[in-house]
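Structure, as structure tokens:
Chain identifiers are assigned alphabetically (A, B, ...) following the order of the sequence lines, protein sequences preceding nucleic acid strands; residue numbering begins at 1 within each chain.
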Protein chains: 2
Amino acid sequence: MSNSSPSLPPVDVSLTPQERFEEYLQTRGLRQTNQRKFLVDEIFSHHEHFDADELMERLPRKGAKNYVSSATVYRTLREFVDAGLLKSFQLEGRTVYEHDYGYPQHDHLYCTVCRELFEFQSEALTTLRDEVAAEQGFRISGHRMIIHGVCRECSKNRRKKRKQDLV
Amino acid sequence: MSNSSPSLPPVDVSLTPQERFEEYLQTRGLRQTNQRKFLVDEIFSHHEHFDADELMERLPRKGAKNYVSSATVYRTLREFVDAGLLKSFQLEGRTVYEHDYGYPQHDHLYCTVCRELFEFQSEALTTLRDEVAAEQGFRISGHRMIIHGVCRECSKNRRKKRKQDLV
DNA sequence: CTGACTGCAAATCCTTTGCAACTTG
DNA sequence: CAAGTTGCAAAGGATTTGCAGTCAG
């Protein structure tokens, strides 16, 4: 269900996410705290896409060591996006986050049955995007492409279910 | 600011949106009400992209003739999407709606300065999408592509502002 | 008539914010 | 120490829902 290893090959970066974030904090006169350190570690030890809620579910509960309040989780996720560590986008009302730092540009396929996000890379898509933008005099800052549908696995399962229903 | 005429040529359809929705209601044993009639008319008399709030702002106020409560507006927008009259997608946290029935498939450029949505059509994008999906064994139901950036107009204005700032 | 629909208000969901206490540099 | 941070609880915004009265078929 979850794919904790990256689908795409990593991009070479000179700093670890931790170091990179530290740099970001220092250049802005912000502080390195236990909560922030813990969250960088936690987030970069998994690779799945996640939303704030899913993240908090795997964090220590209130009272336990390393507990981080939800306000801080939300605040910190925004900092990670500012710092270029994470990217975020909206999907079905929730904000989904994914690794950006050290991870290549890509787009998504979204299975509306199992609700899993799959990644793909397409240089042709980027080229096409640039052409369209040029035509319209647009200065591009980025794009978001999501293909909706049903993944291979879910197509199989559905077929199975149908057969069973007939018995 | 608003473009009340379509950017793209309409697609031929045999029924008006009103008729099409009536058909939808009948096949499901649902009812034709004044609120629903009024909303179809209102929505298909303009062409801009809109969210629930923007729509309600141009509807009659409470107490006036043809007032529709916000609960009904939300309920009806969902029906329009079900009925294939409208499409919806998420942009910066809000749900944006646009005409679907009688309007060709297209994608968007979003200007992050003036927050306007521009449309474009690209057959190459659809082809590319189908190829990617085929590779991954995906059964496509649709896609959403948005290019973010700054539109021609806003680029101009910004340049002007910069010059003024220097005076 | 009967079930669908509407408006109202309350409830939800997700996220942000004000504030007092607590850290970090 | 001063300023940035945190947790808490309360506030927000957008959307949904329960319910009793209303209306269409």
Measure the shortest side-chain to side-chain distance between B/Glu98 and B/Tyr103 over non-hydrogen atoms and say whether it is less than 4.5 angstrom.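 No, every pair of side-chain atoms sits at 4.5 Å or beyond.
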If I take atom [atom1] in residue [X] and atom [atom2] in nucleotide [N], what distance separates them, rounded to the nearest angstrom?
X: A/Gln90; N: D/dA14; atom1: CD; atom2: C1'; answer: 12 Å
X: B/Gln35; N: C/dC8; atom1: CD; atom2: P; answer: 11 Å
X: A/Glu57; N: C/dC14; atom1: CD; atom2: P; answer: 11 Å
X: A/Leu91; N: C/dC14; atom1: CG; atom2: C1'; answer: 15 Å
X: B/Asp53; N: D/dG13; atom1: CG; atom2: P; answer: 11 Å
X: A/Leu77; N: D/dT5; atom1: CG; atom2: P; answer: 16 Å
X: A/Glu54; N: C/dC13; atom1: CD; atom2: P; answer: 16 Å
X: A/Glu92; N: D/dT16; atom1: CD; atom2: C1'; answer: 16 Å

Using OP1 and OP2 only, check whether a side-chain N or O of [X] sits under 4.0 Å from [N].
X: A/Arg28; N: C/dG25; answer: no
X: A/Ser70; N: D/dG7; answer: no
X: B/Tyr74; N: D/dT15; answer: yes
X: A/Thr72; N: D/dG7; answer: yes

Both B/Leu25 and B/Lys62 contact DNA chain C. Which one's nearest nucleotide lies toward the 5' end?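 Nearest nucleotide further toward 5': that of B/Leu25.
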What N/O pairs connect the protein and nucleotides 18-24 of chain C at under 3.5 Å? Give each pair on its own line.
{"residue": "C/dT24", "atom": "O2", "partner": "A/Arg31", "partner atom": "NH1", "Å": "2.8"}
{"residue": "C/dT24", "atom": "O2", "partner": "A/Arg31", "partner atom": "NH2", "Å": "3.3"}

Nearest listed nucleotide, side chain of B/Tyr67, among D/dC8, C/dT15, C/dC8: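 The answer is C/dC8, which lies nearest to the side chain.
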Evaluation steps, side-chain contact (heavy atoms from CB on, under 4.5 Å), between A/Glu135 and B/Phe120: CA-CA 10 Å; A/Glu135 257 173 48; B/Phe120 73 90; over 6 Å; no
Aromatic ring proximity A/Tyr97/A/Phe80, centre distance under 6.0 Å: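 Between A/Tyr97 and A/Phe80, the centre distance exceeds or equals 6.0 Å.
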Could you please spell out the steps behind the salt bridge (charged side-chain N to carboxylate O under 4.0 Å, His left out) verdict for B/Arg28 and B/Glu79? CA-CA 12 Å; B/Arg28 313 212 171 191; B/Glu79 287 171 332; over 6 Å; no
So does B/Glu92 pair up with A/Arg144, basic N to acidic O under 4.0 Å?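 So B/Glu92 does not pair with A/Arg144 through a salt bridge.
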Among residues at least two apart in sequence or on other chains, which ones pass side chain to side chain donor-acceptor pair (under 3.5 Å) with B/Ser88?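 Counting only residues at least two positions away or on another chain, B/Ser88 forms no side chain to side chain donor-acceptor pair (under 3.5 Å).
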5' priority, DNA chain D, between B/Leu30 and B/Arg94 [closest heavy atom]: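 Nearest-nucleotide comparison on DNA chain D picks B/Arg94.
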Tell me, please, which residues at least two apart from A/Glu42 pass salt bridge (Lys or Arg N to Asp or Glu O under 4.0 Å).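 A/Glu42 satisfies salt bridge (Lys or Arg N to Asp or Glu O under 4.0 Å) with A/Arg58 once adjacent residues are dropped.
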